[in-house]
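Step one of this worksheet: look at the structure below.
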Protein chains: 2
Amino acid sequence: MFSKACEYGLKASIYIASNSYDGKRVSLKEIAKKIDSPVAFTAKILQDLVRHKIISSVKGAYGGFEIAKKDISSIKLSQIVNAIDGDSIYNGCGLGLHVCDENHPCPVHDQFKTIRNQLKDMLENTNLEQLALDIKSGVSFLKL
Amino acid sequence: MFSKACEYGLKASIYIASNSYDGKRVSLKEIAKKIDSPVAFTAKILQDLVRHKIISSVKGAYGGFEIAKKDISSIKLSQIVNAIDGDSIYNGCGLGLHVCDENHPCPVHDQFKTIRNQLKDMLENTNLEQLALDIKSGVSFLKL
DNA sequence: GTTATTTCGGATAAAAATATCCTATTTATA
DNA sequence: TATAAATAGGATATTTTTATCCGAAATAAC
Ligand code: FES
Ligand code: FES
C-alpha cells in the first residue's frame, strides 16, 4: 500500500508527536530504535518531512525532532503520505493508466474509485494527536 | 497500490477474457500491444498466471492464451492479485508491522482494517466477465 | 574556545522490481 | 519432413527503492 519510506515516515511522525505532546524532543537514534527502522534511511525521510514543514528539527547537542504542540492535532496522515509517496494513491488509476479519467475509465475505475476515496477520507480525517494518544496510553504500538 | 506486474496481470487477464468470451485465443504480442505493456515482462507474468492455473496457454503456431469460457465468470480479481502480489494487501499491516495483530495493533489498525476489508471484498466480488464485457462494449479501456 | 552531540546533505552501496535477450520446445501448416 | 509461429524458461541488464557512509554545519555544555 505505502512505500517503506512512507511507513517509516508515518511511524516516526506519530512517535515524535507522542513525545512533543509532553514537550519532549527526540533524536534520530531514539526514533529509529522505537519504530524499528534503519537509522540513516530514517534520517533522509525525516529531513524530507522537515523540508515539507510537517515536523521541525533542531541541530546540535540536545537537538532532535519535534512538532509544535498546537500543530499536533492539525497534521493529517494525508499530509505525510502526500509528502513522501506523492498523490498517486489519491488520484492515480488502480490499473496504472497514465491518468484516471472519468471519460476514459479503466475496467475497475468505478470499484476502485470508491475504495480510493475512502482511503483518502480516512487519511484526511485522521490526525497525529489521536494516534499519538493511543501510543502513550499503550493501546497501540509502533513495533513488534 | 498494486505492483506494475500485478497491473499488467490484471489488464492482460481482462483482455484475454474479453477475447475468450468470443472463442478467440490471443498471442503475447497482441496482448502486450493492447494493454500497452513491455512484451517480455508481460510474458513472465502470463507464465506465472498459467502456473497458477488462472489462464491457460497453447504453444506453437496459432497458439496463445485463453480462459475456458465457463471459467470467465468465476475468476475473481483477488485470485490474480494474490497470485502476483501475494496476500499482504489483504492481511498485512498498513504501517508494515511484521504481522497485523488485533491484540498488538499499530496506530492505524482500526482505520486501515476497514479500508483493507473493503478492498478485499471488492476484489473478491469482481469477476473477469463483468470487466471483459465492459471492454467489449467500449465502456471501459485498457490503455491510453 | 573546545568538545561532544546532533541534524544536513552528498556520495555510494545493496536489494528489489522492472525489463530485455536468447535458446529450447511445442505445434500447425505447407 | 521442413518451416514458421508461438510459449517456456534461464540469464542478464536496467531502474527504482531501500539502505549505508562520511564529512560539514550547528548548537549546547563545559
Ligand atoms: S481510470 Fe483506472 S481508476 Fe480511474
Ligand atoms: S496492526 Fe497495522 S493494520 Fe493491523
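Below, chains carry the letters A, B, ... as their sequence lines are ordered, and counting in each starts from 1. The model shown is predicted, which means the values in this text are computed figures rather than measured ones.
Proximity of A/Ser57 to the phosphate of C/dT6: no side-chain N or O atom is located under 4.0 Å from OP1 or OP2. Using a 4.0 Å cut-off, some side-chain N or O of A/Arg51 falls inside it from OP1 or OP2 of C/dG9.
Distance, A/Phe65 CZ to C/dT5 P: 17 Å, rounded to whole Å. As a whole-Å value, the separation of A/Ile45 CD1 from C/dC8 P is 13 Å. One interatomic measurement links the two molecules: CG of B/Leu49 to C1' of D/dG9, which rounds to 16 Å at whole-angstrom precision. We find that CG of A/Asp48 is positioned 14 Å from C1' of D/dT17, with the value rounded to whole Å. What separates CD of B/Glu66 from C1' of D/dT7 is a distance of 13 Å, to the nearest Å. Atoms CG (A/Asp85) and C1' (D/dT18) sit 13 Å apart, rounded to a whole Å. As a whole-Å value, the separation of B/Tyr62 OH from D/dA6 P is 8 Å. Distance, A/Phe2 CZ to D/dT18 P: 13 Å, rounded to whole Å.
Salt bridge annotation for B/Glu124-B/Lys76: absent, with no cationic side-chain nitrogen under 4.0 angstrom from a carboxylate oxygen. With respect to the salt-bridge test (charged N to carboxylate O, under 4.0 angstrom), the residues A/Glu30 and A/Lys33 do not qualify.
Among the protein residues, A/Phe41 comes within range of the nucleic acid bases, having at least one heavy atom under 4.0 Å from a base atom.
Of the residues in residues 7-34 of chain A, those with a non-hydrogen atom less than 4.0 angstrom from any atom of DNA chain D are A/Tyr8.
Closest to the B/Lys59 side chain, of the nucleotides C/dT20, D/dT7, C/dC8, is D/dT7.
Neither side chain, B/Asn82 nor B/Gln79, offers a donor N or O lying under 3.5 Å from an acceptor on the other.
Judged as a side chain to side chain donor-acceptor pair (under 3.5 Å), and not counting sequence neighbours, B/Gln111 has no contacts.
Taking a 6.0 Å sphere around OH of B/Tyr90, one finds it holds more than 12 heavy atoms contributed by other residues, nucleotides or ligands.
One hydrophobic cluster, built from ILVMFWY side chains closer than 4.5 Å, cannot hold both A/Val58 and A/Tyr21; they sit in different ones.
Two residues, A/Val58 and B/Lys4, neighbour DNA chain C, and the one matched to the more 5' nucleotide by heavy-atom proximity is A/Val58. Where A/Lys44 and A/Gly60 each meet DNA chain C at their nearest nucleotide, the meeting point lying more 5' is that of A/Gly60. Both A/Ala61 and A/Val39 lie near DNA chain D, and the one whose nearest nucleotide falls closer to the 5' end is A/Val39.
A donor-acceptor contact shorter than 3.5 Å is absent between the side chain of A/Asn117 and the backbone of A/Lys120.
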